[in-house]
Number of protein chains: 2
Amino acid sequence: MAPKVSEEYKKERERELIEAAKKVFIEKGFVRTSMQDIMDKAGISRGALYSYFNNIEHVFIEVLKFDDQKDIQRFVPSDEGPLWPQLKNWVEEQQIYIEAIDQTLLYAKAEFFLSSNYASNKDNFPYIFERYNRTTEAIEEVLNEGTSIGEFSPQQSTRSIARYILSFINGLMLDTFQLGHEQTNVKDQLSILLFSLEKLINPKSIK
Amino acid sequence: MAPKVSEEYKKERERELIEAAKKVFIEKGFVRTSMQDIMDKAGISRGALYSYFNNIEHVFIEVLKFDDQKDIQRFVPSDEGPLWPQLKNWVEEQQIYIEAIDQTLLYAKAEFFLSSNYASNKDNFPYIFERYNRTTEAIEEVLNEGTSIGEFSPQQSTRSIARYILSFINGLMLDTFQLGHEQTNVKDQLSILLFSLEKLINPKSIK
DNA sequence: AAACAAACTATACACTATTGTCGTTTATAT
DNA sequence: ATATAAACGACAATAGTGTATAGTTTGTTT
């Protein structure tokens, strides 16, 4: 099944490959996954796979992008109503996300960021920087928005608060991945984050 | 130099090997280090190295043990004086530690715990549990101590606060390793941690 | 001082795993 | 039917592992 191909078809095929690869990465992480594993999962030959991707890091980056697309909406607050409950809600949702960690790419991501060539030539992977910045900016924006409408009175720079939140969430994910959520007690830690955030941004809506 | 050998000598030699290996692991991390690299750095032959260690994970575990010996005192507070300044001090010291991340084993450790066989059989490596628990307990103990002498009035369970601190520090380390400290702004994030901690434990000594 | 043996060197080897390439095959649009 | 390009899969190349062997060095023992 393969001559004179439409762009359509190729895009579609690539998406299939990415989805197969994603499954493998979730199962096996990044380091222990080989191109062969992806071929097997996708039911595609070596040559064909290599015609779509140059190497396994390339595959992973594409998986990342694909995954991010879906993920990106998660932090968009609605325009309506006070922001604090939405922020609170977002934090609470993290629990589900973190505790379902073995159904996500988190482990593979951590491995990738640590162990791929990424670590040696960060410059080749601007995507990672983008990612970090996009996320902090999204959080920061909510904080700024809340400030400008007078809902929040941040006690520290909103950028730093945003980074702080992200650091904490990343650390909690990593610890939880390594130790299991029984050990790290995700819920309690998240409520401490909420407590801290209240003090940090002083949302009006608290009684 | 080597007949009918003393235990002394062997221990000493092993220590040399471990120190050489440690250097390599700091430079190259865990995943990208081969036995050959260690041979080169230590100036030892293949056979000799293998007579000390069975494989590279074995080498790494020994390096870890060796490193921990030195590391273990870092969180012991002095018996004298109020605890808050000491805690504060400890947090501030993290900056130096985190920013010097490429001179430590942190990267190699993260790789090892993620990517070695560890991830598949956690039970074989109680080490990481121990480590995590030892650290949280050390922090928790300081908090409890401060509470019992009336210096702190924690607003949340001290255990959770301890875990919270550790999650944050781990996340900050990871982000900083990946992106560089220019990007993550370690200092600001740590002062947000301090701000949060003040609110969380209400130390008396603050004016 | 001669014999000994432990520790080491240097190198070779058999294996395994994986990569990326490349010539060939195959299905279909025209 | 044939030109086209996707898909196939054999292959050489690379890199590492752990074992094995022969030979060397050097303290210790007698």
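Naming convention: chains lettered A, B, ... in sequence-line order (proteins, then strands); numbering from 1 in each chain.
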For DNA chain C, determine which residues of residues 16-24 of chain A have any heavy atom closer than 4.0 angstrom to one of its atoms, and list them numerically.
none
Tell me the interatomic distance from A/K10, atom NZ, to D/dT4, atom C1', rounded to whole angstroms.
13 Å
Ionic contact status for B/R13 with B/E16, cut-off 4.0 Å
yes
note: A/L49, atom CG; C/dC22, atom C1'; distance rounded to Å ~ 16 Å
Please report the distance, rounded to the nearest Å, between CD in B/E14 and P in C/dC8.
11 Å
Would you tell me whether B/D37 and B/S34 have side-chain atoms, one donor and one acceptor, within less than 3.5 Å of each other?
yes
Using OP1 and OP2 only, check whether a side-chain N or O of A/S45 sits under 4.0 Å from D/dA7.
no
Under a 3.5 Å threshold, yes or no: a donor from one side chain and an acceptor from the other, between B/N185 and B/Q189?
no
Would you mind checking if B/E137 and B/R134 are paired as a salt bridge, meaning a charged N to carboxylate O distance below 4.0 Å?
no
For nucleotides 17-20 of chain C, tabulate all protein N/O to nucleotide N/O atom pairs closer than 3.5 Å, reporting atom names and distance.
unit_1	atom_1	unit_2	atom_2	d
C/dT19	OP1	A/M35	N	3.4
C/dT19	OP2	A/M35	N	3.4
C/dG20	OP2	A/Y50	OH	3.0
C/dG20	N7	A/R46	NE	3.0
C/dG20	N7	A/R46	NH2	3.3
C/dG20	O6	A/R46	NE	2.7

Earlier contact from the 5' end, DNA chain C, for A/G47 and B/I44
B/I44
Whole angstroms only, please: what is the CZ-P distance between A/R13 and D/dA6?
12 Å
Under a 4.0 Å N-O cut-off, is there an ion pair linking A/R131 with A/D68?
yes
Can a salt bridge be assigned to the pair A/D67 and A/K109 using a cut-off of 4.0 Å between side-chain N and carboxylate O?
yes
Using a strict 4.0 Å threshold on nitrogen-to-oxygen distance, state whether A/R15 and A/E19 make a salt bridge.
yes
Would you mind classifying the nucleic acid contact of B/Y52 as base, sugar-phosphate or nothing, using non-hydrogen atoms under 4.0 angstrom?
sugar-phosphate
Any residue meeting side chain to side chain donor-acceptor pair (under 3.5 Å) with B/T136, in chain and number order, not counting sequence neighbours
none
Can you measure B/Y9 atom OH to D/dG27 atom C1' for me and round it to whole angstrom units?
11 Å
Under 3.5 Å, is there a donor-acceptor pair between the A/N133 and B/Q183 side chains?
yes
